[in-house]
Amino acid sequence: MNLPLMSLLRCPRCRRPLDAERDPTDRLNCRSCGTSFPIERGVPRLAGETYSASFGRQWNRYDVARPDEDEATFRIKTGVDPRDLAGRLVLDAGCGGGRYARLLGQHGARVLGVDLSSAVDKAAELCASFPEVAIVQGDLLDLPVAEEAFDLVYSIGVLHHTPDPRRAFAQIARRVKPGGRLAVWLYRRNTPPQEWLNSGLRAVSTRLPAPVLEPICAGLGALGSIPVVNRTFNKLANFSNHPDWTLRVCDNFDWYAPRYQSHHTPAELRRWFEEEGFADIQELLPAKTGRLYDWAYRHDLIIGSGVNFFGVRH
Ligand SMILES: C[S@@+](CC[C@H](N)C(=O)[O-])C[C@H]1O[C@@H](n2cnc3c(N)ncnc32)[C@H](O)[C@@H]1O
């Protein structure tokens with residue numbers, strides 16, 4: 001157990017530090033209110049899995065870590081070179097199965113990864129060989145972590161899966177220390193017909209039991225390998241065209257299973273950064289370019305694309 005990282009944890013009930021000065025093995029106790037939290041498989045459990053069960057299932061089931069791709073994605077979606085993070089304190093807000101926490105562990109960063117779901121088990125396993133990476137099960141909506149502590153906070157594809165993305169944004173923004181950086185990637189709001197169709201499809205898919213939805217996602221995964229199909233129909237309904245089969249099926253489940261999925265505009269996310277006191281706010285653009293792609297992106301036609309900003313805290 002990484003005690004300096006554990007000392008950044010706060011009691012979800014009374015917000016005071018947890019007793020992380022000695023090496024706890026099975027419980028973390030609050031010095032102030034006496035609440036006790038279990039540590040299971042090396043992961044402090046400061047929240048229970050609620051609406052996020054589909055994520056626990058997907059990240060534990062599909063092995064999606066792809067080191068080269070993860071590094072490229074991290075650079076694009078945070079605007080940060082992982083090599084610049086050696087020795088820095090970083091919060092991975094919604095770490096999922098831990099692919100980016102592991103990447104930063106490899107580059108010598110000190111990382112606290114927080115996620116609500118049992119994906120933390122996968123993340124802890126993936127990051128086990130990096131003692132400077134710690135994983136915690138906790139809720140971003142009431143984040144049990146010290147404020148103004150981190151050099152970098154990033155959240156990739158997470159806040160739109162909470163019931164209150166603006167609140168979650170405020171919670172993670174307040175964990176950035178003055179002069180530190182925040183990077184957030186959220187789903188982009190598409191055109192009204194695309195949004196209506198997606199809401200209709202998800203109204204059905206989110207009610208399906210996972211063993212029924214998974215084969216459907218695999219079927220969509222097969223469609224996603226056919227270029228002519230995936231370049232046309234995925235402008236209507238989302239399905240992944242990732243070249244890797246496992247990632248295609250996982251991406252599809254990631255889209256159609258979660259209970260909450262909200263879509264946002266660039267102006268909205270920029271405003272959130274401003275409201276939380278960030279400066280030097282920059283929009284981060286996708287790696288993919290080309291005249292047709294750029295035009296479709298600017299007109300909000302690419303389903304599953306993002307709004308992505310980076311800022312520095314005053
Ligand atoms: C699409 S996944 C992204 C995971 C990771 N950032 C990645 O890109 O690999 C979204 C994650 O957000 C987590 N999540 C949703 N609501 C949360 C909350 N309130 N607090 C913490 N994590 C949450 C889910 O459990 C899930 O692992």
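Just so you know, ligand 1 is whichever comes first in the structure, and atom 1 is the first atom listed for that ligand. Hydrogens, waters and symmetry mates play no part in the numbers below; they use all other heavy atoms, side chains included.
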Look at the rings of Y62 and F253 and say which category their plane angle falls in: under 30° parallel, 30 to 60° tilted, over 60° perpendicular. tilted
Heavy atom under 4.0 Å from ligand 1: found in D254's side chain, backbone, both, or neither? side chain
Using a plain distance cutoff, I'd like to know if S117 has any nitrogen or oxygen under 3.5 Å from a nitrogen or oxygen of ligand 1. yes
For the residue pair Y297 and Y293, does the interplanar ring angle fall in the parallel (under 30°), tilted (30 to 60°) or perpendicular (over 60°) class? parallel
Interatomic distance, CH2@W59 vs CZ@R99, rounded to 0.5 Å, equals 4.0 Å
Are D121 and R45 close enough for a salt bridge, meaning some N to O gap below 4.0 Å? yes
Any heavy atom of Y260 under 4.0 Å from ligand 1? The part involved is neither
Under 4.0 Å to a heavy atom of G96 - the qualifying atoms of ligand 1, by number: 4 (C), 27 (O)
Any idea which heavy atoms bring E214 and P211 closest together, and the distance? OE1-CA, 4.1 Å
Are any of the N/O atoms in W59 less than 3.5 Å from those in ligand 1? yes
Heavy-atom nearest neighbour in the protein, as seen from atom 16 (N) of ligand 1, with distance rounded to 0.1 Å: Y51 OH, 2.7 Å
Protein residue, atom and distance nearest to atom 14 (N) of ligand 1, heavy-atom basis: V158 CG1, 4.0 Å
Using 30° and 60° as the class boundaries, would you call the ring planes of W272 and F169 parallel, tilted or perpendicular? tilted
Which of the atoms in ligand 1, numbered in the order shown and given with their element, are less than 4.0 Å from a heavy-atom of G138? 20 (N), 21 (C)
Would you say that R16 contacts C33 through its side chain, given a criterion of any heavy-atom pair below 4.5 Å between the two side chains? no
In this structure, atom 20 (N) of ligand 1 is nearest to the protein heavy atom L140 N, 2.9 Å
List ligand 1 atoms under 4.0 Å from Y100, heavy atoms only on the residue side. 7 (C), 8 (O), 9 (O)
Under 3.5 Å side-chain donor-acceptor pair for H263 and Q194: no
Numbering the atoms of ligand 1 from 1, which are under 4.0 Å from a heavy atom of G157? 1 (C), 2 (S), 3 (C), 10 (C)
Side-chain donor-acceptor contact under 3.5 Å, N29 with S36: yes
Going by the closest heavy atom to atom 7 (C) of ligand 1, which one wins out of E49, Q58, R99? R99
Aromatic ring pairing F273/F278, orientation class (parallel under 30°, perpendicular over 60°, tilted between): perpendicular
Do any nitrogen or oxygen atoms of L116 lie less than 3.5 angstrom from nitrogen or oxygen atoms of ligand 1? yes
Ligand 1 to C95 polar contact by distance, N or O atoms, under 3.5 Å: no
Atoms of ligand 1 less than 4.0 Å from D139 heavy atoms? 18 (C), 19 (N), 20 (N)
